[in-house]
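We're numbering straight along the sequence, starting at 1. Counting starts at 1 for both ligands and their atoms, following the listed order.
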Amino acid sequence: MFIPLTLALASNLSTRVFARPPSYAVWAADSAIARGQGNGLDANGNAIVSYEHGEFQWGLRQLYEKTNNQSYFNYIQKGIDNVVFSNGTVHGSYSVTDYVLDPLRTGPTMIYLYGETHLSKYKVAADIFRGQLNSHPRTVQGQFWHKLKYPNQGWLDGIYMGEIFYADYTSTFQHANTTAWDDITSQFVLMFENTIQNATAPNNTGLMYHGYDYSRVAVWASADRGHSPEVWDRALGWYSMALVDVLDIIPISHPGHAKILSILQTLVPRIRDAANPTSGVWWLVITEPGRTKNYFESSGTAMFVYAMLKAVRLGHVQDHDGSIVRAAKKAYNYMTTNWVVANSDGTMGWLNTVIVGSLDTTGNFDYYTSQPTDLNDLKGLAAFLLASLELERLDTRAVE
Ligand SMILES: *[C@@H]1O[C@H](CO)[C@@H](O)[C@H](O)[C@H]1NC(C)=O
Ligand SMILES: *[C@@H]1O[C@H](CO)[C@@H](O)[C@H](O)[C@H]1NC(C)=O
Ligand SMILES: *[C@@H]1O[C@H](CO)[C@@H](O)[C@H](O)[C@H]1NC(C)=O
Ligand SMILES: *[C@@H]1O[C@H](CO)[C@@H](O)[C@H](O)[C@H]1NC(C)=O
Ligand SMILES: *[C@@H]1O[C@H](CO)[C@@H](O)[C@H](O)[C@H]1NC(C)=O
């Protein structure tokens, strides 16, 4: 039997070293794939339903549409097949009655795979997630609790985790369900009204605090609206990405579209103005610029770049003086210069993403700044993939 030598060599080589692709989006995706990240398994090889994987799959899906490289599609499918049995039951530490919004972030991938393959297991899995929302606990105003174990708390993160899935499901399977569209809109609006900083706030940035406790029981809850004390970059990053993504899904004819658009239009200029003027990127704790122990954080920055560029590209936000795109490009340059590292095996590494930011303790400056950062954190790397996809569309457009 004849085995072509060049092919054998090339495939052998590609498992160890690959040339750096010209596209940062491709480089980020291929590097995460080479490390086995975001594939429905945790570091020990156990199945895990993870919002980070859902975020990464969203980037891979757009990269697949852009490049037609089947490997990306296969990787997405493998990632979901690792957490969905052939009968559609979701496993990987998922349980409906935990009532956590985070796992639902993988739901849009299930709906996407159902559309592409028509395999009923993906629809069954998406139905299980959708069923969770029907009994998910809420505040008296109607906001989903971030988790059953955090009663009456709305966190910005939860909007990205739950509402993109909720909107995708409604768009695909219940397009005429006005109650659902009203509810999705209300999740965004309640979160905004309960956490937006106003002019009398200390360190006012006009941005949104990490979360609120409607019952004002949490140690961090303010007396007025129960909001947490600081603006944490990644929480606002998730919320910003949810705004630009949900506008693709919610019908323009539904009044929620205009309401969500107006929130986006309010926030984008404020996000631009909150960047550090020298570096162009954002502090971990945006409300405490320059304070000792605060630092420039990479996941939130990448999320803002994605949201700003996408908002301008789709005409949601007018960039008359070019300052929004300029700010996004400046931040992007900082990211590629300071947070992207070239590894000797040809992959890229990603720096400076904080591992966690939670409202389970004090939610204050010392808490956020005491949390460690890690290398190649997928929450940040996937956001960099998303930001790169937008930046590269911009570059393409400029030469057209
Ligand atoms: C397709 O993507 C895979 C997975 O990242 C990568 O290894 C491969 O080089 C890509 N193929 C082409 C033709 O770009
Ligand atoms: C689905 O398949 C899994 C794994 O085989 C099994 O544990 C589970 O009971 C099945 N669920 C249903 C509803 O049949
Ligand atoms: C429409 O959405 C609402 C709110 O989520 C839900 O309670 C209801 O069951 C949905 N209606 C249909 C026909 O599925
Ligand atoms: C503005 O924010 C401050 C601090 O959270 C609060 O005390 C005040 O009630 C708020 N005012 C309005 C109109 O929401
Ligand atoms: C932000 O506000 C806090 C509390 O009011 C204050 O202690 C801190 O110095 C302020 N930080 C900045 C950078 O203004």
Side-chain angles (χ1 to χ4, degrees), residues 7 10-39 47 49 56-57 59-79 81-96 99 101 104 107 119-138 142-144 162-163 165-188 249-251 254 256 345-348 381-382 385 388-389 392:
L7 265 185
S11 72
N12 184 36
L13 214 73
S14 70
T15 59
R16 288 184 293 116
V17 170
F18 56 84
R20 173 183 162 173
S23 153
Y24 277 104
V26 170
W27 199 20
D30 289 359
S31 301
I33 289 172
R35 288 189 288 265
Q37 294 184 272
N39 64 354
V49 182
F56 183 51
Q57 286 158 352
L60 286 184
R61 169 176 159 185
Q62 294 179 71
L63 195 57
Y64 170 58
E65 284 160 3
K66 176 180 164 178
T67 64
N68 283 314
N69 181 338
Q70 189 69 28
S71 304
Y72 299 130
F73 181 85
N74 296 345
Y75 199 80
I76 293 169
Q77 188 170 23
K78 188 178 78 179
D81 287 349
N82 279 331
V83 295
V84 174
F85 289 129
S86 53
N87 60 13
T89 299
V90 185
H91 59 112
S93 300
Y94 172 76
S95 162
V96 168
Y99 292 112
L101 293 174
L104 305 189
L119 291 172
S120 63
K121 63 177 176 178
Y122 299 124
K123 171 71 161 54
V124 173
D127 286 345
I128 292 168
F129 280 0
R130 181 63 183 80
Q132 176 185 323
L133 291 177
N134 285 333
S135 48
H136 198 100
R138 297 169 180 258
Q143 186 100 61
F144 291 129
E163 264 52 70
F165 165 69
Y166 193 178
D168 234 351
Y169 188 95
T170 305
S171 171
T172 309
F173 302 116
Q174 301 181 351
H175 205 267
N177 190 340
T178 312
T179 314
W181 290 125
D182 291 348
D183 190 20
I184 291 160
T185 304
S186 147
Q187 298 304 316
F188 280 88
I249 308 170
I250 186 165
H254 188 275
D345 65 357
T347 60
M348 65 160 268
L381 183 58
L385 164 60
S388 298
L389 285 161
E392 289 166 16

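Going from atom CD of Glu163 over to atom CG of Leu133 covers 7.5 Å, rounded to the nearest 0.5 Å.
For atom 9 (O) of ligand 3, the nearest protein heavy atom (residue, atom name, distance) is Asn134 OD1, 4.6 Å. Protein heavy atom nearest atom 13 (C) of ligand 2, with residue, atom name and distance: Thr89 OG1, 4.1 Å. From the protein, the heavy atom lying nearest to atom 5 (O) of ligand 1 is Asp30 OD1, 2.5 Å. The single protein non-hydrogen atom nearest to atom 11 (N) of ligand 3 is Asn177 ND2, 2.8 Å, given as residue, atom name and distance. Shortest contact from atom 14 (O) of ligand 3 to any protein heavy atom: Gln174 NE2, 2.8 Å. At the top of the distance list for atom 7 (O) of ligand 2, counting protein heavy atoms only, stands Phe85 CE1, 4.5 Å. Counting protein heavy atoms only, atom 8 (C) of ligand 1 is closest to Asn69 ND2, 3.7 Å.
In this structure, Tyr72 has a heavy atom closer than 4.0 Å to ligand 1.
Of all the heavy atoms in Leu385 and Leu63, the pair that sits closest is CD1-CD2, 4.4 Å. For the residue pair Tyr75 and Ala32, the shortest heavy atom distance occurs at OH-O, 4.3 Å. For the pair Leu104 and Phe165, the tightest heavy-atom approach, listed with the atom from each and the gap, is O-CB, 3.4 Å. Shown here for Gly256 and Thr185, the closest heavy-atom pair between the two residues is CA-OG1, 3.3 Å.
At least one N or O atom of Tyr166 sits closer than 3.5 Å to an N or O atom of ligand 3. For the pair Thr179 and ligand 3, the shortest N or O to N or O distance does not fall below 3.5 Å.
If you check each of Ile128, Asn87, Val84 against atom 2 (O) of ligand 2, the one with the closest non-hydrogen atom is Asn87.
Checking each of Phe85, Phe129, Tyr99 against Tyr94 for a ring-ring contact (aromatic ring centres under 6.0 Å, His included) leaves exactly one that passes, namely Phe129.
The proximity of Arg130 to ligand 3, defined as any non-hydrogen pair under 4.0 Å, is limited to the side chain.
Within the cation-pi definition used here (under 6.0 Å to the ring centroid, within 45° of the axis), Lys66 does not qualify as a partner of Tyr72.
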TODO: May I have the step-by-step check of side-chain contact (heavy atoms from CB on, under 4.5 Å) for Leu101 and Gln187, ending in yes or no?
DONE: CA-CA 12 Å; Leu101 293 174; Gln187 298 304 316; over 6 Å; no

